[in-house]
Amino acid sequence: MTRLPEAPAKALSAPTALRSGAGAGADAAADLGANPTTDWDTLLLLTHYRHTPQAVLSGMVLSALIAFVLWDVAPHPALSLWLAGVQTMMVLRLLVTRCFLRGGGRERWSLQHWYRITQLQTMLSGLSWGALGLFYAVIEDPLSRTAVVMTLMGACAGSAALIGAIRGTLSTFGALAMGPLICVLLTRGDLTQSYMGAALVYYVYLVMIKGPARISHAMAAQHADRCDRDRLVARLEDAERVGQMGHLVWNEASRTSTLSAEAQRQLGFDSATVQSAREVWSRVIAVDRPRVIQLSSAAVARGDRELRFDTTVHGPFGTRDLRVVQRFDYDAQGRHVQTLTTTQDITELKTTQRELHTLAFEDVLTGLVNRAGFTQRLRERPVQAVLMLDLDHFKYVNDTLGHATGDRLLVMMAQRLGTCLRSQDTVARLGGDEFAVLIHDAVDHAQLDRIARRLVEALSAPCRIDDHDIFVSASVGIAVRSPDAGPHAATDPDTLMQQADTALFAAKASGRSRHQFHSEDLSQRTRDRVTMEADLRRGLAERQFSVHFQPKVSLADGRIVGAEALLRWHHPERGPISPEEFIPVAEDSGLIVAIGTWVLRDACAAAADWNRARAPDEPPLCIAVNLSPRQFLNHDLIGTVTSALSRTGCRPEWIELEITERLLLDERGQAGETLDGLRAMGLTLAIDDFGTGHSALSYLTKYPISTLKIDKSFMRDITTRSDQAGIVRAMISMGHSLQLGLVAEGVETPEQARFLHEHGCELAQGWLFGRPMPRKDFTALLLARAAVALRPTA
């Protein structure tokens, strides 16, 4: 989840505090407040060295002043030596302090090392100041003696302020600084001076030991309490940041708002206190501000306890959406005294909701309305007509040029749809290459006819994508609600959709690239198709299908050289069903893949039986099996063929696979790789119905094709029409030039067979030589007619 940018952290870690430097000039209290997690001893050490320069300078001035006061009453050499020692000690302390604060000493040495240095400095300082007490014994002037005592007491008091909280340092300094003076006083034998010595002992105990210990304990306890409080505040602020929830407290008496850290970030305030409610309301966007103020004022006027609403504010991070909960407190008289407002940043939630709405109702690829949005408009707005569109052969574009090219083609088609329709019409992409149009205003049959023709014409224009000229067309199905639709006009959205889809299917079945209005006859045909698909599934499960074999003969001597395996279906109730009736349904439903696999295995088993039974000197029979485009492109065809051969014991050279011309136009290389794999296995490959489809003549030398099968449509008039005869002669000549075998389909008369033989066609099949027959009949035919010219059958 996207989060608000974090504010700069206020708390520093302990190492950061040690490296902050003397130049910061902050006192210990400030450090403690800014550093609730910093170790107490570390802060004491840091405070000590930050204040050392000031204390050292004071000590240097104090030592110089006392030396000046004692100059006339103390021995000059001893006093000069003492002063030099004290001043030297002070300079050394300044150097050590500089090393700690600015010289990198903190990084080089550990905390314990610096504690030992501090202890050593304390001992040296105590010894240097303690030497001053020895002058008491050699000075006779009472005032000068008093000055010595007062100076040492002042030095001890100053040290208590500087190092009093560091464990063990102050007692050490006090014992060393006051010890010599106390010893002198106690050994003088004078009652007054002995009393003074005892008093100084008590002074050292109170000032240097007992008092600092109590102060240090109290400060440590206060620091611990403050750390606990700061940790609690930090956790609350962390919780607010994680939950993106801030809070404001409005005090009616003081007319001020107190903001939490997260609320400050959300609303863009630098201070935790805002003096006017107007300043807070000013953060709400202008268009929503009156509504929000009115909601809050009305809630207070009614005495409501709680108010919830969403709004949008201008903050330091741009426009943000907030969810607001206000809780109002009233006094005993019902007067409003306080408002507690909780704000949660829901910008990401709102953005996600908008994105989900877009994803739910808009097609990501084309920007058109998607299926869900289409259904919503179909139900919520009046609809007079529904047009269902489908791109013809779009799957072929995906299979040959790739899905990226297919996506770009869909975008171009969507743009063309937009130019053909009016702004009040709804254009949607339902998925894949399916589009739909809703006509919301009244139209008649003629207007819809013009619209459909315009759509088919626009979508059928060629598209240029990456140096490829892509030709697709469109089929359109139309369902109308207007009276022009006749007595069977739809009255509800679901029926309109169903009828338009039925009309689309009829348009595609009628040759594609056209439009079709719905009629009751179309609905009946659709129901028949659904019934046909269900019967196909049941027929496959119940083994209602069989494979028939049509002889393939040599035109030179009439020998049977093979056969074509043809699928037949005998319905238990309807009887024989023509392949032209059920094969398209099997193709559309995908059942052709399972059916084709079964046909291949049956053909392989038959080929294996027949060829094992043939005499060693007889050439083997080659059985041709048709392959569906779906079976070829979308499945592991090589694996399927390998399995069929191994399970039946059939040799690859006994099988010829027949494919359509359209498969040769595959530009991605999938067809070529599969064909090469099949040819490498030893199977032969033939092009079925040659001359009727996309005759890709340039690909005949590219792929391992062995045979061309001349379609039966060219056979009818080859003996009566010169143009038809010329086409067949050209095909035969081309086949010879490419060294391809030729098989003529649909040969029904001796004249046709004679024409083909005279012009060089080697093989033929058709009713002249035998109709498709069951396997046992073909076996009997082989036994009866082997190596004998066949007579025409009835």
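Note that the structure is predicted; figures quoted are calculated from it, not measured.
The salt bridge (Lys or Arg N to Asp or Glu O under 4.0 Å) test applied to Asp407 returns no partner, not counting sequence neighbours. For Gln264, the side chain to side chain contact (heavy atoms under 4.5 Å, CB included) partners at least two apart in sequence or on another chain are Leu259, Ala272. Not counting sequence neighbours, the partners of Trp114 by the ring-ring contact (aromatic ring centres under 6.0 Å, His included) test are Tyr49, Phe100, Trp109.
The closest side-chain heavy-atom distance from Arg381 to Thr426 is below 4.5 Å. Using a 4.5 Å heavy-atom cutoff, the side chains of Leu176 and Trp129 are not in contact. Side-chain contact between Trp82 and Ile66 is present, with heavy atoms from C-beta onward closer than 4.5 Å. For the pair Glu252/Arg335, no side-chain contact is recorded, criterion being any heavy-atom separation below 4.5 Å from C-beta on. A heavy-atom distance below 4.5 Å is found between the side chains of Val397 and Leu409. Considering only heavy atoms from C-beta on, Glu362 stays 4.5 Å or farther from Val369 through its side chain. Pro53 has its side chain within reach of Leu94: a pair of non-hydrogen atoms, C-beta onward, lies under 4.5 Å apart. Residues Phe269 and Ser257 have side chains not in contact (no heavy-atom distance under 4.5 Å, counting atoms from C-beta outward).
For Ser125 (side chain) and Thr122 (main-chain N/O), no donor-acceptor pair under 3.5 Å exists by modelled atom type. Although no hydrogens or angles enter the test, the distance criterion places a donor-acceptor pair under 3.5 Å between the side chain of His440 and the main chain of Pro382. The backbone N or O of Ile293 lies less than 3.5 Å from no partner atom in the side chain of Ser296, so there is not a single donor-acceptor pair. The backbone N or O of Gly432 lies less than 3.5 Å from a partner atom in the side chain of Arg429, making a donor-acceptor pair. With hydrogens and angles disregarded, a donor-acceptor distance shorter than 3.5 Å links the side chain of Gln87 to the backbone of Met60.
Residues Arg291 and Phe309 share a closest heavy-atom pair of NH1-CB, 4.4 Å. Nearest heavy atom pair, residue Asn398 against residue Gly406, reads OD1-CA, 3.4 Å. Nearest approach of Ala414 to Thr366, heavy atoms of both residues: CB-CB, 3.7 Å.
Under the 4.0 Å criterion applied to side-chain N and carboxylate O atoms, Arg408 and Asp466 are assigned as salt-bridge partners. Here Arg422 pairs with Asp441 in a salt bridge; the nearest charged N to carboxylate O distance falls below 4.0 Å. Between Glu380 and Arg377 there is no salt bridge, since none of the side-chain N atoms of the basic residue sits less than 4.0 Å from a carboxylate O of the acidic one.
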*Does the side-chain contact (heavy atoms from CB on, under 4.5 Å) test come out yes or no for His314 and Arg283, once each step is laid out?*
CA-CA 5 Å; His314 288 302; Arg283 296 302 196 265; 5.7 Å; no
*Could you walk me through whether Glu348 and Arg320 pass the salt bridge (Lys or Arg N to Asp or Glu O under 4.0 Å) test, one step at a time?*
CA-CA 9 Å; Glu348 286 74 24; Arg320 311 292 295 181; 2.9 Å; yes
_Would Asp329 and His336 count as a side-chain contact (heavy atoms from CB on, under 4.5 Å) here? Give the steps._
CA-CA 6 Å; Asp329 292 336; His336 176 228; 5.9 Å; no
*asked:* One pair to check against side-chain contact (heavy atoms from CB on, under 4.5 Å): Val386 and Ile439. What are the steps and the verdict?
replied: CA-CA 6 Å; Val386 176; Ile439 306 297; over 6 Å; no
*Step by step, would you call Asp321 with Thr312 a side chain to side chain donor-acceptor pair (under 3.5 Å)?*
CA-CA 4 Å; Asp321 294 308; Thr312 305; 3.0 Å; yes
_Derivation and outcome, side-chain contact (heavy atoms from CB on, under 4.5 Å), residues Thr52 and Arg93_ = CA-CA 8 Å; Thr52 292; Arg93 289 187 63 184; 4.1 Å; yes
*asked:* What verdict does the side chain to side chain donor-acceptor pair (under 3.5 Å) test give for Thr339 and Thr341, after you've listed the backbone C-alpha separation in whole Å, the side-chain angles of each residue and the deciding distance to 0.1 Å?
replied: CA-CA 6 Å; Thr339 300; Thr341 302; 5.8 Å; no
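Within 6.0 Å of the CZ atom in Arg98, the count of heavy atoms belonging to other residues, nucleotides or ligands does not exceed 12. The number of heavy-atom neighbours closer than 6.0 Å to OH of Tyr330, taken from other residues, nucleotides and ligands shown, is above 12. The neighbour count for Met412 CE, taken as heavy atoms of other residues, nucleotides or ligands under 6.0 Å away, is above 12. Within a 6.0 Å radius of CD in Gln54, no more than 12 heavy atoms belonging to other residues, nucleotides or ligands are found.
With 3.5 Å as the limit, one finds a donor-acceptor pair spanning the side chains of Thr343 and Gln266. Residues Glu279 and Trp281 have side chains that never bring a donor and an acceptor to within less than 3.5 angstrom of each other. If you check the side chains of Ser271 and Thr273, you find no donor sitting under 3.5 Å from an acceptor.
None of Leu430, Leu410, Asn370 except one satisfies the side-chain contact (heavy atoms from CB on, under 4.5 Å) rule with Asp363; the exception is Asn370.
To the nearest 0.5 Å, atoms CG (Leu181) and CG (Leu152) are separated by 5.5 Å. To the nearest 0.5 angstrom, Leu267 atom CG is 6.5 Å from Leu322 atom CG.
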